[in-house]
Every structure is written in C-alpha cells, then in structure tokens.
2 protein chains.
Amino acid sequence: MSQLDRSLIAGLPLFRTAKPEDLDRVLSSARSLRVAKDTTIFEEEAEGHSFFLLLDGHVRVVKTTPGGDQVIVRYISAGELIGIAHAMGRTTYPASAVAAVDCVVLAWPSAMWPEFMAQIPGFGETTYQTVGSRLQDVQARLVEMSTEQVEQRVARVVLRLAEQNGRKTGEGVEIDFPISRQDIAEMTGTTLHTVSRLLAAWEAKGLVKSGRQRVTVVEAGRLQSLAEGRAAST
Amino acid sequence: MSQLDRSLIAGLPLFRTAKPEDLDRVLSSARSLRVAKDTTIFEEEAEGHSFFLLLDGHVRVVKTTPGGDQVIVRYISAGELIGIAHAMGRTTYPASAVAAVDCVVLAWPSAMWPEFMAQIPGFGETTYQTVGSRLQDVQARLVEMSTEQVEQRVARVVLRLAEQNGRKTGEGVEIDFPISRQDIAEMTGTTLHTVSRLLAAWEAKGLVKSGRQRVTVVEAGRLQSLAEGRAAST
DNA sequence: GCGTCTGTTTGCGCCAGCGCAAATTCGATC
DNA sequence: GATCGAATTTGCGCTGGCGCAAACAGACGC
C-alpha cells in the first residue's frame with residue numbers, strides 16, 4: 001500500500017491541532033477506497049469493524065424499518081467521519097451508509113479508535129462535538145416532524161441541503177449531488193408524489209428550478225418564508 | 001454548605017470507576033437543590049452556566065417552537081445528567097428542563113466540566129456514551145415519526161415510559177409520574193384529543209387503565225402488537 | 001362541604017396529504 | 001437515433017386525524 005499524502009487530510013478541522021507526524025501515522029494505517037455511486041459502505045446492524053473518513057463525495061445515512069420503509073437520517077459531506085458508532089459504545093452500525101455519488105473514503109479498523117482518541121490532539125474533542133451537533137440536529141428535525149406541515153418540512157430540507165451542499169449557478173443555488181423526489185420524501189416523512197407536487201407548485205411561482213434528480217433554489221428568501229410557516233406571497 | 005454524603009452518588013454508573021476521594025471532591029463543589037413540581041430547572045437558549053445531576057424525581061426536557069408548540073424531547077430519571085450542552089461545545093441549553101415531580105438535583109458550575117472530565121476516571125466515557133445513546137434514541141423516534149401512524153407512536157411511547165419508569169401495581173405497570181394526555185401528545189406529535197380517544201379505546205379493550213395524569217399498562221403484549229403495526233386482536 | 005380550576009371526554013365537520021394508477025419525460029445505452 | 005428503464009407528473013377518491021366546541025369530572029384550596 002503506497003503512503004497517502006498528508007495534504008489529503010491536513011486541512012480538515014478534525015486534524016486541525018494534530019502534528020504532522022500524527023497525520024503520517026494516521027495515514028499509514030488507513031486503507032483508501034473508491035466507492036461507486038449507490039454502493040453501500042456499511043450496512044445497518046452489521047458488525048462495526050471499521051470507521052471511515054469521507055474524503056470526497058456525498059454519502060446518505062439511511063435507516064430501514066421492519067416494514068421496509070426507508071428514512072434518510074442525514075447526508076454526510078467531505079471531511080466528516082462516518083461509522084463512528086464505536087465511539088458511542090456500540091458494536092454495530094445504527095444505520096446504513098450509501099454513496100450518493102462516486103466517493104473516496106479512508107477506512108481504519110475500529111480497534112484503532114482508542115489510539116486515535118488518545119494520541120491525536122483534539123481528535124476526541126472534535127468528534128464528540130460532532131456527535132453533539134448531530135444530536136442537536138436530529139432533535140430539531142424531530143420537533144419539525146412533530147409540529148410542522150409537509151410543505152414547511154420539505155421547504156426546510158431543500159433549503160438546508162442547498163446551504164450545506166450548494167453550488168452557485170446562474171439561476172441560483174443548486175444541490176450538488178443527485179437527489180430524487182423519493183429521497184426528499186424519505187427525509188421529510190412524506191411521499192414522492194407530494195414532493196413532486198410541491199416542487200411543481202414552487203417552480204410555477206419561481207421559487208425553485210428542478211429536474212431529474214436535481215433541485216436549484218432560486219428565491220431562498222421566499223422559500224424560507226414558507227419554511228417558517230408564513231404563506232409565501234404571490 | 002454542609003458536606004453531602006458520598007452514598008448519594010456512590011451507586012451511580014456515572015461514578016462507577018471513581019475513587020472515594022473523587023466522590024468527596026465532586027460533592028464538595030456541588031450545590032444541592034430541591035425543585036418543586038412544574039418548576040423550570042433551566043430554560044432553552046439560556047446561558048448554560050451549570051450542569052446538573054438528577055438525584056431523585058423525573059424531569060422532562062422540552063423544546064418550544066417559535067409558533068409556541070411544545071415538544072417533549074425526553075424524560076430524564078434519577079441518576080442521569082442534565083444540562084450537559086457544554087460537553088458538546090454549546091454555550092446555551094438546547095432545550096428546557098422542567099420537574100415532572102418534586103425533584104432533588106445537584107448542580108455544578110459549567111466551568112468545572114473540564115475538571116470532571118479530566119479527573120474522574122470513567123466520567124468522560126460514560127457521559128459520551130450517554131450522548132451517543134440519546135442520539136440513537138432520537139434517531140429511532142425520528143424514524144417512527146416518519147413512518148408510523150399515530151396509534152403506533154402513542155402505543156410505543158406508553159410502552160417505553162412504562163418500561164423505563166414503570167412501577168408494578170395490582171393491575172399492571174403504572175408510569176410512576178403524573179403524565180397528562182397533553183404530555184403524551186407532545187411526545188408523539190399529535191393532539192391531546194387523539195390521545196384521549198386512543199386511551200379510551202384501549203381501555204375498552206382492556207389493554208390499559210388510565211385516569212387523570214395516570215396511565216397503567218395492563219396488557220403489554222397486545223399493546224406491543226399495536227406498536228408494531230399489527231392490528232391488535234379483539 | 002363547596003366552588004374553582006385543570007385535565008379529560010366526546011361529537012362533528014373538514015381537509016391535507018396519502019394511495020392507487022396511468023401517462024409522460026428524460027437520460028443512458030447500444 | 002431508437003430503445004429501454006427509471007424518475008417524474010398528474011388526476012382522483014378517500015380517510016386519518018385535526019380543529020373547534022361543549023360538556024364533564026376529579027382534585028385541591030378555602
């Protein structure tokens with residue numbers, strides 16, 4: 001296995017306070033993987049033998065119910081860790097991770113987790129803050145699911161995805177990975193039909209542009225109004 | 001302030017691996033408070049100056065939306081920490097904590113958090129596992145909110161509360177703190193009216209007994225069937 | 001023991017959004 | 001550029017559960 005280059009991970013917040021020799025050690029024990037679009041990186045309930053760092057691409061984290069319904073718990077973007085169940089004292093993955101586009105990930109055996117925690121300055125603190133902010137985030141979504149109408153929830157999700165994973169285009173901010181109506185439905189607890197109707201209505205009002213697995217936010221402000229429950233003017 | 005007795009906290013998982021002198025140090029810096037039923041321990045968004053250990057009683061953790069709707073995020077029972085936002089790198093509390101019954105809590109200034117983490121063996125690991133399991137839990141609820149009908153969600157919540165905070169009585173397992181229809185509604189994203197109708201229907205079928213701020217699970221098995229979406233027989 | 005207040009029950013009408021089904025369009029592939 | 005499959009759109013009917021409103025019942029203070 002050829003040694004990976006330090007520059008791959010040097011800029012990440014996760015390793016902000018790590019020393020160069022730490023980076024080398026981290027990299028020397030890493031496996032680097034290419035993951036094709038729609039490939040599963042790890043499966044819910046499976047033994048959590050490895051943890052991963054997403055170097056490039058986007059990954060969706062999905063839970064499946066006994067009834068076969070899927071729910072997208074969150075999207076992960078480059079620079080974030082995945083499969084860190086181990087950090088929380090679990091031995092199995094609580095959800096599946098699927099590449100939303102072709103991805104590059106680094107993988108380490110879970111057995112190395114304690115070593116990372118102990119030896120990389122700032123690693124523990126950063127990851128725990130990550131877990132904490134994910135908790136905040138999921139709690140916020142729970143509140144939204146409990147109190148808001150479908151239109152507001154969909155508006156919020158579209159806005160959040162555009163903010164966090166947006167790419168400016170001539171027309172507005174486009175979500176920079178393929179996302180279907182079904183995906184949005186699975187993030188908002190509704191059906192692809194309803195999402196389709198909403199996007200069509202918004203497009204007619206000029207709030208968004210959308211196509212096959214593609215959504216562009218044109219008027220973020222008015223969409224924000226919708227998300228907050230104030231009926232959008234016009 | 002009189003020194004608190006070690007036995008107050010010696011049995012807790014949180015201090016399982018702490019040494020007796022650690023316990024004394026922890027206690028000597030603690031304030032002990034009695035909190036009357038329905039009193040707020042800390043308010044969402046407020047500056048997180050303290051963290052708390054619930055010694056006795058039950059606390060509900062509540063988030064309020066801009067629109068004024070409340071959502072009960074979880075119940076905390078004796079032995080658990082609350083207000084540990086600080087651990088996750090936040091400076092304000094993400095939710096409010098309200099005493100569900102008369103409670104006894106210990107409080108420490110948040111500034112002491114790093115000291116606890118560094119000096120009490122096992123403290124860090126245990127609390128991070130707690131955060132991790134809360135994340136799992138909220139994620140599971142998010143999935144339920146997204147995919148299940150109201151009746152299933154209410155059944156699940158009642159079962160969970162009875163399991164975690166149940167007290168055996170002659171008739172079944174009673175949730176051992178006062179809980180209103182409104183409270184259950186705020187945990188399941190529905191209205192008190194619907195909860196009332198469901199409990200009435202279940203009571204007619206002999207699955208539960210309930211009264212003013214009181215719920216007893218009589219037939220856990222059949223209620224579990226409901227929670228899993230299989231229509232209950234009879 | 002009496003009034004009051006808070007929590008609960010229940011009836012009724014309505015509608016947001018689901019389920020089903022069919023048509024359509026867009027990309028990708030050969 | 002013809003073919004095929006997946007994603008999307010759209011119509012239609014139905015219903016779970018909400019909103020409103022009013023009556024009711026326990027518990028608690030005086």
Side-chain angles (χ1 to χ4, degrees), chain A residues 36-38 60 67-72 100-102 144-155 157-158 175 177-205 208-216 226 229 231, chain B residues 36-38 60 65 67-72 98 100-102 144-155 157-158 175 177-205 208-216 226 229 231:
Chain A
K37 184 183 172 188
D38 291 328
R60 44 169 195 276
D69 295 312
Q70 293 210 332
V71 176
I72 298 181
V101 294
D102 290 346
E144 291 163 18
M145 285 293 305
S146 301
T147 60
E148 295 179 351
Q149 308 257 95
V150 168
E151 182 169 33
Q152 298 179 54
R153 304 203 303 261
V154 175
V157 160
V158 169
I175 297 170
F177 50 82
I179 184 161
S180 68
R181 308 291 184 263
Q182 176 70 36
D183 292 332
I184 296 176
E186 288 177 4
M187 299 185 75
T188 51
T190 181
T191 62
L192 79 165
H193 310 275
T194 299
V195 172
S196 175
R197 281 181 250 263
L198 286 171
L199 287 179
W202 294 345
E203 185 143 11
K205 292 199 278 183
V208 301
K209 284 233 162 203
S210 75
R212 196 189 184 77
Q213 309 212 86
R214 200 178 51 73
V215 179
T216 304
L226 271 187
Chain B
K37 185 182 172 187
D38 291 328
R60 47 170 191 276
T65 67
D69 295 312
Q70 294 209 333
V71 175
I72 298 180
V98 181
V101 295
D102 291 345
E144 291 163 18
M145 284 294 304
S146 302
T147 60
E148 295 179 351
Q149 309 258 94
V150 168
E151 182 168 34
Q152 298 179 55
R153 302 202 305 261
V154 174
V157 160
V158 169
I175 297 171
F177 50 82
I179 184 162
S180 68
R181 308 291 185 261
Q182 176 70 36
D183 291 333
I184 296 175
E186 289 177 3
M187 298 185 75
T188 50
T190 181
T191 62
L192 80 165
H193 308 275
T194 299
V195 172
S196 176
R197 281 181 250 265
L198 286 172
L199 288 179
W202 293 345
E203 185 143 11
K205 292 199 277 183
V208 301
K209 284 232 162 206
S210 74
R212 193 191 185 75
Q213 309 210 87
R214 202 177 50 72
V215 179
T216 305
L226 271 187

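Keep in mind it's a predicted model, so treat the numbers as computed, not measured.
For the side-chain contact (heavy atoms from CB on, under 4.5 Å) with B:Ser210, the lone residue among B:Val158, B:Ile179, B:Leu199 that qualifies is B:Leu199.
In this structure A:Asp69 satisfies the side chain to side chain contact (heavy atoms under 4.5 Å, CB included) test together with A:Thr65, B:Thr147, sequence neighbours excluded. Remark: A:Gln213 engages A:Lys37, A:Pro178, A:Ser180 in a side chain to side chain contact (heavy atoms under 4.5 Å, CB included) (not counting sequence neighbours). Considering only residues two or more places apart in sequence or on other chains, A:Arg214 meets the side chain to side chain contact (heavy atoms under 4.5 Å, CB included) condition with A:Glu174, A:Thr216. B:Gln152 is linked by a side chain to side chain donor-acceptor pair (under 3.5 Å) to nothing, counting only residues two or more places apart in sequence or in another chain. With sequence neighbours excluded, no residue forms a side chain to side chain donor-acceptor pair (under 3.5 Å) with B:Gln149. With sequence neighbours excluded, the residues forming a side chain to side chain contact (heavy atoms under 4.5 Å, CB included) with B:Ala36 are B:Thr39, B:Asp102, listed by chain and number.
Under 3.5 Å, the side chain of B:His193 and the base of C:dT10 form at least one donor-acceptor pair of N or O atoms.
One axis for each end of the helix from C:dG1-D:dC30 to C:dC30-D:dG1, each built from five base pairs, and the angle between them comes to 50° at 10° resolution.
Across residues 177-188 of chain B, not one residue has a non-hydrogen atom less than 4.0 Å from an atom of DNA chain D.
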Below 3.5 Å is the cut-off: list the nitrogen or oxygen pairs between protein and nucleotides 4-6 of chain C, distance only.
{"residue": "C:dT6", "atom": "O2", "partner": "B:Arg212", "partner atom": "NH2", "Å": "2.7"}

Please report, to 0.1 Å, the donor-acceptor pairs under 3.5 Å made by any side chain of residues 189-198 of chain A, with sequence neighbours excluded.
{"residue": "A:Thr191", "atom": "OG1", "partner": "A:Thr194", "partner atom": "N", "Å": "3.3"}
{"residue": "A:Thr191", "atom": "OG1", "partner": "A:Thr194", "partner atom": "OG1", "Å": "3.2"}

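Across every non-hydrogen atom of B:Lys209 and B:Glu203, the tightest pair is CA-OE2, 3.7 Å.
Atom pair A:Leu192:CG and C:dA22:P shows a separation of 16 Å (rounding to whole Å applied).
For the pair A:Gly189 and A:Arg214, nearest-nucleotide mapping onto DNA chain C gives the more 5' position to A:Gly189.
Between A:Thr194 and C:dG17 there is no side-chain polar atom (N or O) within less than 4.0 angstrom of OP1 or OP2.
Under the salt bridge (charged side-chain N to carboxylate O under 4.0 Å, His left out) criterion, the residue pairs touching residues 145-154 of chain A are A:Glu148-A:Arg156, with sequence neighbours excluded.
At a threshold of 4.0 angstrom between heavy atoms, the contacts of B:Gln213 are confined to the sugar-phosphate backbone, with no base atom among them.
Boundaries of the chain A contact region on DNA chain D are D:dG5 to D:dC12, first to last in 5' to 3' order (nucleotide atom under 4.0 Å from a heavy atom).
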